[in-house]
There are 2 protein chains.
Amino acid sequence: MRLLQQSFDAFDESAAARLGLNRTDLRCLDLILAKDPMAAGELTTAAKLSPAATTTAIDRLERAGFVTRSRDAANRRRVLVAATEAARAAEREVYGPLGEAGTSALRRYGEEQLAVIIDFLETARRVQEEQTARLKKLPVRE
Amino acid sequence: MRLLQQSFDAFDESAAARLGLNRTDLRCLDLILAKDPMAAGELTTAAKLSPAATTTAIDRLERAGFVTRSRDAANRRRVLVAATEAARAAEREVYGPLGEAGTSALRRYGEEQLAVIIDFLETARRVQEEQTARLKKLPVRE
DNA sequence: CATCATCTTTCGACATTCGAAGCTTTCTGT
DNA sequence: ACAGAAAGCTTCGAATGTCGAAAGATGATG
């Protein structure tokens, strides 16, 4: 598990390097691609950043040509952030082959085995979340 | 998979908050606990930080009471970083229950199922690493 | 239509990172 | 032995990213 986590980490880092982004910005871009367009405030919540940090992150993504800003016509206080075609192309380049490799690797398994794997993944996530919740209840040091 | 990764991430963040550390320092502390004592230079390599960043990370861990510095008697250029008892106690508090919960969750599976899970984990890691290697070959943007 | 709430941005301060330079200690060749 | 190079860590200055607070603009409410 630990090793798998480290490999996730290494992948994210390489992906960020490939796109010339830092990891915060890559995370934001992923979130924007998942819900396109997205209001800046939603991104603040989803990325767990301060509003100020979100603004500068969007600035950087905009400068890099991955997103565009526009006022929400329905509520002109809000700013909508939309991914550009360049962002979608980058997503395909980075995640497309990963998805294909994953899919073809899963073909080795039979139906029962896939069920075990899915059950395991769900269980692992549940355990991890329970333990996260436990930590959150403990007092913060300092 | 994506969700599992996010839950890993959330756990690490809570663990760091619990200990009053940032995530870089937590990663360093994990590495030190895994190979205790560890030379500062090894930590630089293992954590993929610059030597300068490593020095300040050790400074912070030392100030927090989690590690101590000492000159290597055999090679007095090197600085050995050792975890304190407080660090080991923190490790037990944070990771102990996670390990137990994980172990007990795995008890639900039979031997064949466990074999499938292990195979899956290894495959996933291999795929992830192959894809990381692919990204590293691409030119860096900008 | 005045006031309060919402949403984003700007501002100043602080933390973390890096590259380069510096210091001490060890190794190498003569 | 000893001069010079190498190894290993730290210090320094600059750049980057983050936050909290305040400000600005728009929308909702009575």
Side-chain angles (χ1 to χ4, degrees), chain A residues 9-10 12-17 19-32 35 37-64 66-82 140-142, chain B residues 9 12-14 16-17 19-32 35 37-64 66-82 140-142:
Chain A
D9 222 59
D12 278 356
E13 194 152 312
S14 293
L19 301 179
L21 299 176
N22 65 43
R23 290 185 62 175
T24 297
D25 295 355
L26 178 60
R27 194 155 42 99
C28 289
L29 185 55
D30 280 346
L31 291 166
I32 294 164
K35 183 174 188 312
M38 187 178 222
E42 290 179 87
L43 187 55
T44 295
T45 312
K48 286 180 194 154
L49 289 174
S50 68
T54 307
T55 295
T56 63
I58 296 174
D59 286 346
R60 291 189 295 269
L61 286 172
E62 195 171 31
R63 197 155 1 98
F66 288 131
V67 304
T68 57
R69 273 188 172 90
S70 63
R71 290 262 160 207
D72 184 344
N75 181 348
R76 294 178 43 70
R77 287 171 302 187
R78 294 170 18 123
V79 169
L80 293 180
V81 184
V140 170
R141 195 168 184 276
E142 252 93 318
Chain B
D9 222 61
D12 277 357
E13 194 151 312
S14 293
L19 301 179
L21 299 175
N22 65 43
R23 292 187 59 174
T24 297
D25 295 355
L26 178 61
R27 192 154 44 99
C28 289
L29 185 55
D30 280 345
L31 291 166
I32 294 164
K35 182 174 189 309
M38 188 177 222
E42 290 179 89
L43 186 55
T44 295
T45 311
K48 286 180 193 152
L49 288 175
S50 68
T54 308
T55 294
T56 63
I58 296 172
D59 287 346
R60 290 189 296 268
L61 287 172
E62 195 172 32
R63 201 162 347 106
F66 288 131
V67 304
T68 57
R69 273 189 172 91
S70 64
R71 291 261 161 209
D72 183 344
N75 182 348
R76 294 176 41 71
R77 287 170 303 187
R78 296 178 3 132
V79 169
L80 293 180
V81 184
V140 169
R141 196 171 184 275
E142 251 93 317

*Report the C-alpha separation of A:Arg69 and A:Asp59 in whole Å, then their side-chain angles, then the decisive distance to 0.1 Å, and conclude whether the side chain to side chain contact (heavy atoms under 4.5 Å, CB included) test is met.*
CA-CA 9 Å; A:Arg69 273 188 172 90; A:Asp59 286 346; 2.8 Å; yes

*List the steps, then state whether side chain to side chain contact (heavy atoms under 4.5 Å, CB included) holds for A:Asp25 with A:Phe66.*
CA-CA 10 Å; A:Asp25 295 355; A:Phe66 288 131; over 6 Å; no

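Between D:dT18 and A:Thr24, a contact under 4.0 Å exists linking OP1 or OP2 to a side-chain N or O. Note on A:Arg60: every side-chain N or O is 4.0 Å or more away from OP1 and OP2 of D:dT16. Taking side-chain N and O atoms only, B:Asn22 has a distance below 4.0 Å to OP1 or OP2 of C:dT16.
The side-chain heavy atoms of B:Val81 and B:Cys28, taken from C-beta on, include no pair separated by under 4.5 Å. The shortest distance between side-chain heavy atoms of B:Arg60 and B:Asn22 falls below 4.5 Å. Within the 4.5 Å cutoff, the side chain of A:Asp72 has no heavy atoms near those of the A:Pro37 side chain. Within the 4.5 Å cutoff, side-chain heavy atoms of A:Leu61 are placed close to those of A:Ile32.
A straight line from CG of B:Leu61 to P of D:dC9 spans 16 Å, rounded to a whole angstrom. Atoms CD1 (A:Ile58) and P (C:dC7) sit 14 Å apart, rounded to a whole Å. Nucleotide D:dC9 holds its P atom 11 Å from the CE atom of B:Met38, rounded to whole Å. Summarising the geometry, the separation between CG on B:Leu43 and P on D:dG8 is reported as 14 Å, rounded to the nearest angstrom. Between the CZ atom of A:Arg27 and the C1' atom of D:dT18 there is a distance of 12 Å, given to the nearest Å. The interatomic distance linking A:Asp59 (CG) with D:dT16 (P) rounds to 14 Å, in whole Å. Protein atom CG of B:Leu21 is 14 Å distant from nucleotide atom C1' of C:dA15, rounded to whole Å.
Applying a 4.0 Å cut-off to non-hydrogen atoms, the residues of residues 68-79 of chain A that approach DNA chain C are A:Arg69, A:Arg77, A:Arg78, A:Val79, listed by residue number. DNA chain C lies under 4.0 Å from at least one heavy atom of each of the following residues of residues 47-55 of chain A: A:Pro51, A:Ala52, A:Thr55.
Closest approach of A:Ala47 and A:Arg27 over heavy atoms only: O-NH1, 2.9 Å.
In this structure, the side chain of A:Arg78 does not engage the main chain of A:Arg71 through any donor-acceptor pair within 3.5 Å.
Ion pairing between A:Arg23 and A:Asp9 holds under the 4.0 Å rule for side-chain N and carboxylate O.
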